[in-house]
Structure formats: C-alpha cells, structure tokens
Amino acid sequence: MINKEPRVRFAPSPTGYLHVGGLRTALYNYLFAKHNNGKFILRIEDTDRNRYVEGAVENLIASLKWCGLEYEEGPDVGGAFGPYMQSQRLDLYKKYSEELIKNGLAYYCFCTPERLEALREEQQKQKLPQAKYDKHCLHLSKEEIENNLSKGVSKVIRLNVQSDQKIIIDDIIRGRVEFNSSNVDDQVLIKSDGYPTYHLANVVDDHLMQITHVVRGEEWLSSTPKHILLYEYFGWEKPYFAHLPLLLNPDRSKLSKRQGDVAVEDYRAKGYLKEALVNFVALLGWNAGDDKEFYNMNELIERFSLERVNKSGAVFDLEKLSWLNAEHLRKKTDEEILNLLKVEINHSSSVIHQYSDDYLLKVIAVMKERVSFVKEYLTKSPYFFEAPQEYDKASLEKNWKTETPPQLEKLNEAFSRIASPSKEEFEKALTETAEELNIGKGKLIHPLRLAVSGMSAGPGVFDILVIIGKDETIKRINTSLSKIKL
RNA sequence: GGCGCGUUCGUCUAGUGGCUUAGGACGCUGCCCUCUCAAGGCAGAGACCACGGGUUCGAAUCCCGUACGCGCUACCA
C-alpha cells in the first residue's frame, strides 16, 4: 500500500481543448488521489512555443472543472510548488541541465538541423537498426565548446546516454518492462530557444513537485527509459509509473478528431451530462471486478484502484454513453431536471412562450422515462410547448377513418361539459362517449392522441390532456378536424 | 526497419490453473405489460478466449513462437 501521501498530476499541453482521452487520464489521477487521501495537481506543459493556442489553458480548466475534477494545486489556484506553468520555470530547467553538463551526463550540441537530417538519411540508407544521434558534439574539445558558446552558435543540450545498460520499469499496470539503453537516443533536453523538452521538464517538475505516482497515457511508455535515466543521473528517487491504455476509434486506431468528437466541450454541447461522461470514461479501461456499471463520482473514488486498470485499448462507444446518459438523467430529481430543462429552453429558438416551473414539472413527470437527453423534452414532446403543426402520416393512415371526425366531435362535446377535468374525468368522458357510440376506446384514443400531439408516441393521452388543459385540448381537436382531410 | 505494449461476444468487460456447457452490460431480436412510445420484467441470438506449440492429471488463465493491431522512433507533447 501507499505509505506516503500520494501526489499526482495531470500535465496536459495546452493545444486547444480537453480531449476525452485526457479527461480519462485526469480522472484516473483524480480518483487515485482522492481514494488515497492524496493531492491532485494540474500542471501546464507549455514548452512548445509553436503549439501555443490562445485561450487553451482557460478552456482546459473550464472543461476539467465542468467534469468536477477539482485540483488542489494548479496555475490558477497556486500551491507550495509553483509556478505550475512550465514556461514560467525556465530558470529551473537551465540550472538542472547545467548541473548534468558539469557531471558529464549531458553535453552541448551545436549540430545544425541540416547535419542532423543528413545523418538520419545516411543511417537510413545503411539500414541501421535505429536512427540515433552520433554523439558528434560529445567529443568536441573544451576550446571548441567555449568558442561556440562565446560566439553564440545555436545550441541544444543533449542527454549523454551510456550504451548497453538495462533499464527496468515496474509499471503498476503493465508489470515489469525492460529496455536496453542502446536503444535510447541522446535526447535533446534543452532546445535552441532555451525551452526544455517534455522529457527534462517533466522529470524536473515531478521531482520538485514531489509527485509520487506518474499516471499517464501509454504513448509515454516508450520514452520512460529516458526519464528513468534522468532520475538516476540526478540521483533522485523515482516515482511509481502507471501507463494507461489508449482510447480508440471504432476502427481501433487512436481516438482522433477525424472520426467523431474528441473534445469534452463537444459532448457538453451535445447535451451529455457530466455525470454520464465521467462514469463512461471511468469504465473505459477500469472496473471494480463486479457487475456494477452505474457510478457517481463518490462511488468511483471509493472503488478506484490503478491495479484494476486494463492493459488494452478501449473503443469509445457512443451507444453505451447514451445509455448511461439516460440512466443518470432518470436518477436525477424532478427539480434537478427542471433546472437543466430551463437552461435548455432558454437556449432553444423553438420554444417561444414562458412556462411556469409547475407546468414544466408536470411535463418532466410524464416524460422522464422517455428521454435520454434533456433536449429530448423539447424534441420528443414538442406538443407541450406548441400545438402540432402537422400530423404523423403513418398514424393518420392507421387511425384516422372516415367515421373519426364525427366521433371526435362528440368527444369534444363531452369534454366541454366538464368544468375543470382531472385525468380521471377526461378518461371517464372518453369511456362514456365510446359506449354511446358503441365503439372501442381505442377508436377514440388514437385519433385523440394524434389531434392533440400530432404524434403516435408519448405519455398516456390523458396525462397529455391534463397538462395542456381542457381549453387547449378542445382547441386542438377542432384544429385537427378542420386540418385533417382524407 | 528498430524498440515497446496489447489481443475474451459487434462494443465495454468479468475471469489471476479445476467453481466455466466462458458470466455481466450496451446494442440487436422476440415475448409480457399496455391507448401509443418509453421504462420495467422475461427469453434469445452473439466469443472454437488471435493462431501454433509446449508445461500440467487439468489452461482463457503459466511458458515459447507466429500473426495482427497499436504506440514510440522530433530542438511535439
């Protein structure tokens, strides 16, 4: 078990938005921290100036917070180990890389991109097993280095990797993974613009920020040897590593924009509940070992463990997400749904009238079991907000006969005789009318539903009638009688 | 090409050597309920556990190989 208070971080690079894969990484970090009474930290890895996107950090933070992933330390909330933006920690990376140089564990490299390119080409032509930097600048004389430095020749700092050393990662999820340092390139640590690469920055920061567990995507597994080497060269204690499986497209390639939505904000805009997204994403690669699939955040925190995370990638399946969305929506109280529905109505252009909370609550009560998304209150039962403009053709053919209009007229008369009908009174009036006409109730019910809603699906007709009220009911029946011509 | 990781129903997964004629969920089909549609209940189709060898009395589970997929192979993260 973990004896130290765990400290974990989510360390995205601000490229525009929060990817659902990133959400899962953040979520697992968060759940792990909360489960173990640890700290969850947000650190922004903005060391690539070419990839900087305006507003990306704010966007990322907004998505994270919308999902309920609150961090104890981060760029906007501060903390004892800040700053939490790597672009504000440049002096630190400089200091530590120079320390490495002093100890012969890193070196200046003045090679031009052109030489590097030529080197790669040559190695490829010779069909060498791997393309690696040839350590050319490691063998520069002290004078040459001094000279280049004083002349301001463009330079980078490279890691001096010793060959043929066994590097072992004890990954929490994957177990023991072995690498040979001969396959590790002399990675650039500090770029010519003075910014660090991911490899240096993440090791320095994880150490300084006292990160105990590095929980990140599988795409990092291959570069972990570089990080291990860095920890060893610095003489620092290594954190535990846990490399998460990838999220996949339906064709099993890495989840990408090309094949659908990948941003958390896309799902939010489409009307998915944060509870459903979080629940769904949590289950993509993890389960508690039982059949439970419906989780709220607290239950996830209670049950989560890295040891039960899968090794293989998982396809992001929208159908199951929709089901979970419906489940979470139905579990909400009517009052919670009311608030969501009011937001939806405000954003809708099709609902023009004002409706009281009381009215909306009645709609919610009868539609709750029939919707998977909040917006479906409007799309699946528009008749609660506006009289039908047209009538479902298939149902018309099936249920609207030549004898229907006079029968509905009779029904309308019966309705108009009741002062303020309840659901039962509406039904009683219909039953009696059917008896008088000597026909089955269905002969009236189906046309009535059509007249009043324009649709063939929905809550019980009498539920619809009480909600829209007697006057509106009568009005809609009359409208249908004049509009529907056979 | 090199290095690394992975492979159980269409999808998410349970399974850590005998409890397994491989369990659950989503989706799909049918039935029940019923004024319709949902929800719910019940039933069903759907996986020769990638393939081939071993180890063992016994393997989805352990070992080796092969195939396929994926990741990395940048002065990107």
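Below, read A as the first sequence line, B as the second, and so on, with proteins coming before strands; counting in each chain starts at 1. Please read all numbers here as calculations on a predicted model, not as lab measurements. Just the heavy atoms: all of them, side chains too, but no hydrogens, waters or symmetry mates, feed the values below.
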Determine the contact category for [X]: base if any of its heavy atoms lies under 4.0 Å from a base atom, sugar-phosphate if only primed atoms, P, OP1 or OP2 are that close, otherwise nothing.
X	value
A:Asn310	sugar-phosphate
A:Gln124	nothing
A:Gly285	sugar-phosphate
A:Phe280	nothing

How long is the line joining [atom1] of [X] and [atom2] of [N], in whole Å?
X	N	atom1	atom2	answer
A:Glu218	B:U7	CD	P	10 Å
A:Asp317	B:C28	CG	C1'	13 Å
A:Leu248	B:C5	CG	C1'	13 Å
A:Phe316	B:C26	CZ	P	18 Å
A:Arg303	B:A14	CZ	P	13 Å
A:Asn279	B:C26	CG	C1'	13 Å
A:Asp251	B:G10	CG	C1'	14 Å
A:Asn180	B:C72	CG	C1'	16 Å

For [N] versus [M], give the span between their [atom1] atoms, rounded off to a whole number of Å.
N	M	atom1	answer
B:U61	B:G15	P	15 Å
B:U29	B:G17	C1'	37 Å
B:C75	B:G69	C1'	31 Å

Can you confirm whether the side chains of A:Asp205 and A:Tyr84 place a donor and an acceptor under 3.5 Å from each other?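 Side-chain D/A pair, A:Asp205 to A:Tyr84: absent.
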
May I ask you to check whether A:Asn296 and A:Asn279 show a side-chain donor-acceptor distance below 3.5 Å?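 Looking only at side-chain atoms, A:Asn279 and A:Asn296 do not form any donor-acceptor pair under 3.5 Å.
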
Is there, by distance only and without an angle test, a donor paired with an acceptor across the side chain of A:Lys320 and the base of B:C12 below 3.5 Å?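 Yes.
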
Heavy-atom neighbours of A:Lys410 NZ exceed 12 at 6.0 Å: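 No.
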
Can you figure out which of B:G2, B:C70, B:U13 approaches the side chain of A:Asn183 most closely?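 Nearest to the side-chain atoms of A:Asn183, counting from C-beta on, is B:G2.
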
I want to verify a distance call: between B:U13, B:G71, B:G24, whose nearest atom is closest to the A:Asp291 side chain?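 Among B:U13, B:G71, B:G24, the one nearest the side chain of A:Asp291 is B:G24.
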
A:Asn287 side chain N/O closer than 4.0 Å to the phosphate oxygens (OP1, OP2) of B:A14?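 True: A:Asn287 side-chain N/O within range (under 4.0 Å) of B:A14 OP1/OP2.
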
Would you say a side-chain N or O of A:Arg308 is under 4.0 Å from OP1 or OP2 of B:G15?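 Yes, within the criterion.
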
Salt bridge or not between [X] and [Y]? Use side-chain N to carboxylate O under 4.0 Å.
X	Y	answer
A:Arg370	A:Glu376	no
A:Glu218	A:Lys311	no
A:Asp193	A:Arg49	yes
A:Glu299	A:Lys292	yes

Which residue lies toward the 5' end of RNA chain B, A:Gly289 or A:Lys254, if each is placed at its nearest nucleotide?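 Nearest nucleotide further toward 5': that of A:Gly289.
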
Filtered N/O pairs between nucleotides 35-40 of chain B and protein, under 3.5 Å:
residue : atom : partner  : partner atom : Å
B:C35   : O2'  : A:His446 : ND1          : 3.4
B:C35   : O2'  : A:His446 : NE2          : 3.0
B:C35   : O2   : A:Arg449 : NH2          : 3.1
B:C35   : N3   : A:Val461 : N            : 3.2
B:U36   : O2'  : A:Ser456 : O            : 2.4
B:U36   : O2   : A:Arg449 : NH1          : 3.4
B:U36   : O2   : A:Ser456 : O            : 3.2
B:U36   : O2   : A:Gly458 : N            : 2.8
B:U36   : O2   : A:Gly458 : O            : 3.1
B:U36   : N3   : A:Arg449 : NH2          : 3.0
B:U36   : N3   : A:Gly458 : O            : 2.5
B:U36   : O4   : A:Gly460 : N            : 3.3
B:C37   : O2   : A:Arg370 : NH1          : 2.8
B:C37   : O2   : A:Gly458 : O            : 3.3
B:C37   : N3   : A:Arg370 : NH1          : 2.3
B:A38   : O2'  : A:Glu369 : O            : 2.4
B:A39   : O4'  : A:Glu369 : O            : 3.4
B:A39   : O2'  : A:Glu369 : OE1          : 2.7

Evaluate the ring planes of A:Tyr28 and A:Phe304, with Trp represented by its six-membered ring, and classify them as parallel (under 30°), tilted (30 to 60°) or perpendicular (over 60°).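 Ring orientation, 0 to 90° scale: tilted.
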
Please verify the inter-ring angle class for A:Tyr198 with A:Trp220; under 30° counts as parallel, over 60° as perpendicular, anything in between as tilted.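 Parallel, since the angle between the ring planes stays under 30°.
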
Side-chain heavy atoms of A:Tyr107 within contact of A:Ile157, under 4.5 Å: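 No, side chains not in contact.
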
Distances under 3.5 Å between nitrogen or oxygen atoms of protein and nucleotides 73-77 of chain B:
residue : atom : partner  : partner atom : Å
B:C75   : O2   : A:Ser192 : N            : 2.7
B:C75   : O2   : A:Ser192 : OG           : 2.6
B:C75   : N3   : A:Ser192 : OG           : 3.1
B:C76   : OP2  : A:Lys191 : NZ           : 3.0
B:C76   : O2'  : A:Asp48  : OD2          : 2.7
B:C76   : O2'  : A:Arg51  : NE           : 3.4
B:C76   : O2   : A:Arg51  : NH2          : 3.4
B:A77   : OP1  : A:Thr47  : OG1          : 2.8
B:A77   : OP1  : A:Lys191 : NZ           : 2.6
B:A77   : OP2  : A:Tyr198 : N            : 3.1
B:A77   : O4'  : A:Arg51  : NH2          : 3.4
B:A77   : O3'  : A:Glu45  : OE1          : 3.4
B:A77   : O2'  : A:Ser13  : OG           : 3.2

